[in-house]
Amino acid sequence: MAYAEQSDDAAQDDLQQKFPTPRNMTNQDQQELPNLPGEAESAAGERKLIEDRLAKTAQIRARGLDPYPPRFDRTHTSEEATRLFEDAEAVAGTSADEAEPPRTEPVRVAGRIMARRGMGKAAFIDLKDGYGSIQAFARQNTMGDDAYAIVNLLDIGDIIGVEGSVIRTRRGEISVEATKVTVLTKAIRPLPDKWHGLQDQEIRFRQRYLDLISNDTAMKNALLRSNVVRSMRSFMHGRGFIEVETPILVPVAAGAQATPFETHHNQLDRDLYLRIATELYLKKLIVGGIERVFEIGRLFRNEGLDHDHNPEFTTIESYQAYADYNDVMEMVESMVAHIAEETTGSMILPEVEGIRPEIDLTPPWPRLDLREEIKKRSGIDFVETRDAESLSAAMRERGIHVEAGSAWGRLLDKVISSEVEPHLVQPHFLVDYPVEMSPLAKRKPDSDEIVERFEAFVMGTELANAFTELNDPVDQRERFEQQERMRLDFGDDEADRLDEDFLVAIEHGMPPTGGLGLGIDRLTMLIAGEESIREILLFPAMRNT
RNA sequence: GACGGGCUAGCUCAAUUGGCAGAGCAAGUGACUCUUAAUCACUAGGUUCGGGGUUCGAGUCCCCGGCCCGUCACCA
């Protein structure tokens with residue numbers, strides 16, 4: 001429907017199909033380029049490449065063939081065809097009959113042309129499909145003159161089907177010896193450089209399909225991401241968790257400290273926000289009696305982008321009734337190690353040169369007391385610098401940047417991220433946070449100031465955040481009110497928001513609960529050995545052009 | 001947001017001090033029936049990110065803007 005406004009040209013297009021313009025006619029007035037998106041901007045050189053390919057498309061039609069047929073009956077993937085031949089070869093090797101080189105029954109494979117080596121009346125074509133690649137060997141005297149003619153109309157990037165037996169060429173390459181070649185999709189734009197691949201970072205992110213076609217690591221990371229999520233799901237199901245989906249469009253963006261995106265529902269005439277966390281809805285389900293619940297989903301935070309932040313990202317949050325943060329800690333280290341083992345075969349992630357040393361995810365991970373660790377790394381004892389003034393003074397003394405007008409909790413967060421986190425390359429838990437930083441976590445039984453909260457760190461960045469959930473509705477209301485005050489007092493857009501519906505829910509009684517939030521993009525970065533979230537997200541956020 | 005690096009043919013990259021904008025791949029034509037970065041010959045292909053300035057002359061120097069990358073700041 002996107003091109004509906006061009007329907008006046010349909011009749012003419014139809015004519016073009018029935019009477020395609022031969023290639024060598026001057027195409028200026030004979031054959032107008034169809035309206036291609038972006039044509040206006042495309043350079044002359046690029047347009048010529050497209051015209052050449054469109055001319056070949058017309059020639060294919062002129063031979064009575066459809067360059068975009070609706071289906072192709074593939075019998076084997078590249079992988080299966082290769083295995084079929086190897087099996088045949090193994091059988092042939094055991095028999096005494098050496099007169100005939102091995103050859104399989106005819107197969108049909110399909111894929112994209114990655115390279116072509118023409119030899120006059122023969123050609124070698126490298127085909128790539130979703131499982132690997134295989135060479136096709138086309139010879140005029142095998143295919144016949146008429147069938148072979150199509151081979152001269154092929155370009156790198158076209159998607160074709162090849163029918164024939166699988167053989168091994170004299171140079172040893174397993175190949176489908178074509179009896180028939182079928183164009184399945186004529187490509188009218190060229191692929192990136194076949195040898196160097198696609199190097200331009202910007203195009204890699206903006207046109208990820210090109211990256212997937214030409215760079216193996218792009219495909220590897222995409223598949224890894226999928227496997228990580230699958231492994232995570234099965235781990236959670238294995239522990240009896242129920243997977244749910246909760247609203248993304250919400251009236252109050254609560255449950256975390258972040259700036260939300262705003263939007264508007266026209267018919268309800270009501271402002272809505274994109275969620276910044278799944279936390280509060282999931283806890284309502286705990287109130288409702290779903291004792292183990294999780295959601296894997298997209299969160300949206302209106303903040304800057306860099307190598308490990310994207311405005312939309314994916315987390316898993318889970319809540320388990322009758323568990324506390326110690327139980328969650330055990331679950332996190334087990335889950336991460338399990339996922340690493342399932343997706344890479346080992347709990348020990350290899351060194352990535354210039355990026356990180358070997359990372360050993362084998363449980364248990366060391367638990368570090370947050371207060372002790374801050375003292376050790378910075379000399380600051382947050383129990384003795386309980387107000388923003390004295391904490392800022394201590395920070396300045398140690399050369400830590402202090403953002404004027406920040407709340408105490410935010411300052412301490414800065415101390416942690418600049419002094420402690422960089423040392424946590426191997427997996428660690430930082431345990432027991434001050435209440436000011438954690439409006440949704442329950443206080444430790446013996447303390448008014450410390451809550452049962454931990455964060456998991458690997459490679460110097462936060463991987464997970466978890467706590468024993470606050471289920472005292474009176475305390476929770478006070479904490480929200482304190483957050484609302486922070487928004488006013490400090491102009492802190494990111495203070496958490498009071499969510500009355502949630503308070504009403506837990507006023508009905510939420511059992512003791514252990515909760516978790518874990519960044520799936522960052523987990524995948526870790527397992528992939530990538531430094532940038534953009535290597536993991538298929539379509540990362542980009543500035544406008 | 002600040003600072004630094006980058007942007008040249010469809011792709012990957014050159015271009016000395018400011019002095020005719022080049023190569024490989026891809027494309028086109030021709031040769032070639034076992035190649036695999038096939039080979040050989042020839043041809044075509046450029047708003048050097050955009051705009052302004054300095055200069056006899058700007059890919060190169062200066063200013064403004066765009067986008068990408070990096071560091072820092074901000075941000076869980």
Side-chain angles (χ1 to χ4, degrees), chain A residues 23-24 41-53 55-56 113-127 133-143 148 151 155-157 167-175 177 187-206 210 214 256-259 276-277 299 301-311 313 315 400-403 406 409-410 413-414 416-418 421 433 437-438 455-457 461-465 492-494 496 517-519 522 531-532 534 540 542-545:
Chain A
R23 166 154 204 343
N24 290 328
E41 306 95 73
S42 67
E46 185 179 17
R47 201 155 58 238
K48 182 182 173 298
L49 293 172
I50 292 174
E51 280 174 32
D52 286 343
R53 284 163 176 252
K56 287 183 191 171
I113 298 177
M114 300 305 290
R116 259 186 83 197
R117 293 172 293 282
M119 301 279 304
K121 294 187 172 64
F124 297 87
I125 296 167
D126 294 340
L127 270 195
S133 46
I134 191 164
Q135 179 173 268
F137 176 31
R139 274 200 304 179
Q140 192 164 32
N141 64 358
T142 310
M143 297 177 66
Y148 185 78
V151 173
D155 286 297
I156 290 172
I167 59 158
R168 196 183 279 281
T169 61
R170 261 174 239 160
R171 293 295 189 89
E173 183 81 16
I174 295 174
S175 308
E177 189 180 33
I188 61 170
R189 285 182 189 270
L191 290 182
D193 190 285
K194 67 177 172 188
W195 186 243
H196 299 93
L198 180 60
Q199 298 298 321
D200 188 312
Q201 295 263 36
E202 188 172 353
I203 297 176
R204 288 187 49 233
F205 300 148
R206 287 185 193 274
L210 294 177
S214 35
Q257 297 167 39
T259 311
I276 58 173
L299 304 184
R301 297 187 180 178
N302 208 336
E303 28 186 75
L305 11 160
D306 62 29
H307 67 100
D308 58 2
H309 291 82
N310 196 67
F313 60 103
T315 62
I400 305 168
H401 175 87
V402 175
E403 185 72 14
S406 296
R410 210 154 264 291
D413 191 28
K414 177 68 191 168
I416 298 169
S417 59
S418 68
E421 287 183 26
Y433 281 63
M437 299 174 66
S438 318
E455 293 188 297
F457 292 89
T461 55
E462 179 200 343
L463 182 65
N465 178 25
D492 189 349
D493 286 347
E494 294 173 355
D496 206 343
L518 184 147
R522 288 195 183 167
E531 274 189 305
S532 170
R534 300 181 154 209
M542 301 290 282
R543 219 175 278 262
N544 287 339
T545 41

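What you are looking at is a predicted structure, and each value in this text was computed from that prediction instead of being measured. Just so we're on the same page: letters track the sequence lines, and every chain starts at 1.
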If only side-chain N and O atoms of A:Arg171 are considered, is one of them under 4.0 Å from the OP1 or OP2 phosphate oxygen of B:U35? yes
A:Gly172 or A:Leu191: which one's nearest nucleotide on RNA chain B is closer to the 5' end? A:Leu191
Can you measure from CZ (A:Arg189) to CG (A:Asp155) and round to the nearest 0.5 angstrom? 14.0 Å
Just how far is it from atom CG of A:Asn465 to atom OG of A:Ser438, taken to the nearest 0.5 Å? 7.5 Å
Identify whether any heavy atom of A:Gln199 sits under 4.0 Å from a base atom; if not, whether one sits that close to sugar-phosphate; answer base, sugar-phosphate or nothing. sugar-phosphate
What nucleic acid atoms does A:Gln135 come within less than 4.0 Å of, heavy atoms only: base, sugar-phosphate, or nothing? base
Please give me the minimum heavy-atom distance between A:Ala122 and A:Phe137, naming the atom from each residue. CB-CE1, 4.3 Å
Taking ring pair (Phe, Tyr, Trp, His ring centres under 6.0 Å) as the definition, give me every residue that meets it alongside A:Phe457, ordered by chain and number, with sequence neighbours left out. none
Between B:C72 (P) and A:Leu305 (CG): distance, integer Å: 17 Å
Would you call A:Asp52-A:Lys48 a salt bridge at under 4.0 Å N-O? yes
Taking the C1' atom of each, how far is B:C13 from B:G53, in whole Å? 30 Å
Measure from CD1 on A:Ile203 to P on B:C7 and round the result to the nearest Å. 14 Å
Partners of A:Phe313 by ring pair (Phe, Tyr, Trp, His ring centres under 6.0 Å), sequence neighbours excluded? none
Of A:Asn465 and A:Arg534, whose closest RNA chain B nucleotide lies nearer the 5' terminus? A:Arg534
Show me the protein contacts with nucleotides 3-6 of chain B, counting only N or O atoms at under 3.5 Å.
none

When you measure from the side-chain N and O atoms of A:Arg410 to the phosphate of B:A76, is any distance below 4.0 Å, counting only OP1 and OP2? yes
Mind checking A:Arg301 for me? I need base, sugar-phosphate or nothing, with any heavy atom below 4.0 Å counting as a touch. sugar-phosphate
Which part of the nucleic acid does A:Met143 contact within heavy-atom distance under 4.0 Å: base, sugar-phosphate only, or nothing? nothing
Is there, by distance only and without an angle test, a donor paired with an acceptor across the side chain of A:Asp155 and the base of B:A27 below 3.5 Å? no
Is any side-chain N or O of A:Asp193 under 3.5 Å from a base N or O of B:G10, one able to act as donor and the other as acceptor? no
Side chain of A:Arg206, heavy atoms from C-beta onward: which of B:G28, B:U33, B:C67 has the nearest atom to it? B:C67
Under 4.0 Å, heavy atoms only, any strand: does A:Asp200 hit a base, just the sugar-phosphate, or nothing? sugar-phosphate
Is any side-chain heavy atom of A:Thr315 closer than 4.5 Å to a side-chain heavy atom of A:Leu518? no
When all nucleic acid strands are considered with a 4.0 Å heavy-atom cut-off, which category describes A:Phe137: base, sugar-phosphate, or nothing? base
Could a donor-acceptor pair under 3.5 angstrom be found where the side chain of A:Glu173 meets the base of B:U35? no
Per A:His309 side chain, nearest of listed nucleotides B:C75, B:A76, B:G10: B:C75
Would you mind classifying the nucleic acid contact of A:Ala123 as base, sugar-phosphate or nothing, using non-hydrogen atoms under 4.0 angstrom? nothing
Over how many whole Å does the gap from A:Asp306 atom CG to B:G1 atom P extend? 14 Å
Rounded distance in Å - CG (A:Asn141) to P (B:C34): 10 Å
Please report the C-alpha distance between A:Leu191 and A:Met114 in whole Å, then the side-chain angles of each, then the deciding distance to 0.1 Å, and finally whether the side chain to side chain contact (heavy atoms under 4.5 Å, CB included) criterion is met. CA-CA 8 Å; A:Leu191 290 182; A:Met114 300 305 290; 4.2 Å; yes
Could you tell me whether a side-chain N or O of A:Arg301 sits under 3.5 Å from a main-chain N or O of A:Ile276, the two making a donor and an acceptor? yes
To the nearest Å, how far apart are A:Tyr148 OH and B:C34 C1'? 12 Å
Work out how far the P atom of B:G50 is from that of B:C72, and round it to whole angstrom. 32 Å
Integer-rounded Å distance: B:U71 P and A:Glu531 CD: 7 Å
Please produce a list of atom pairs where a protein N or O lies less than 3.5 Å from an N or O of nucleotides 45-47 of chain B.
none

Return the nearest nucleotide to the side chain of A:His401; candidates are B:C69, B:A76, B:C74. B:C74
Look for any protein N or O under 3.5 Å of an N or O in nucleotides 37-42 of chain B and output each such pair with its distance, or none.
unit_1, atom_1, unit_2, atom_2, d
B:A37, N1, A:Trp195, NE1, 3.3
B:A38, OP1, A:Lys194, NZ, 2.3
B:A38, OP2, A:Arg117, NH1, 3.1
B:A38, N7, A:Gly118, O, 3.1
B:A38, N6, A:Gly118, O, 2.7

Passing option when A:Asp126 is tested against A:Arg116, A:Arg117, A:Lys194 for salt bridge (Lys or Arg N to Asp or Glu O under 4.0 Å): A:Arg117
Whole-Å distance between B:C11 C1' and A:Gln201 CD? 16 Å
B:G28, B:U33, B:U36: which one has an atom nearest the side-chain heavy atoms of A:Lys121? B:U33
If I take atom NE2 in residue A:His307 and atom C1' in nucleotide B:C75, what distance separates them, rounded to the nearest angstrom? 11 Å
Stem regions touching RNA chain B, defined by at least 3 consecutive Watson-Crick or wobble G-U pairs below 3.5 angstrom: B:1-7 with B:66-72, B:10-13 with B:22-25, B:27-31 with B:39-43, B:49-53 with B:61-65
Student check: side-chain heavy atoms of A:Arg534 and A:Arg204 closer than 4.5 Å: no
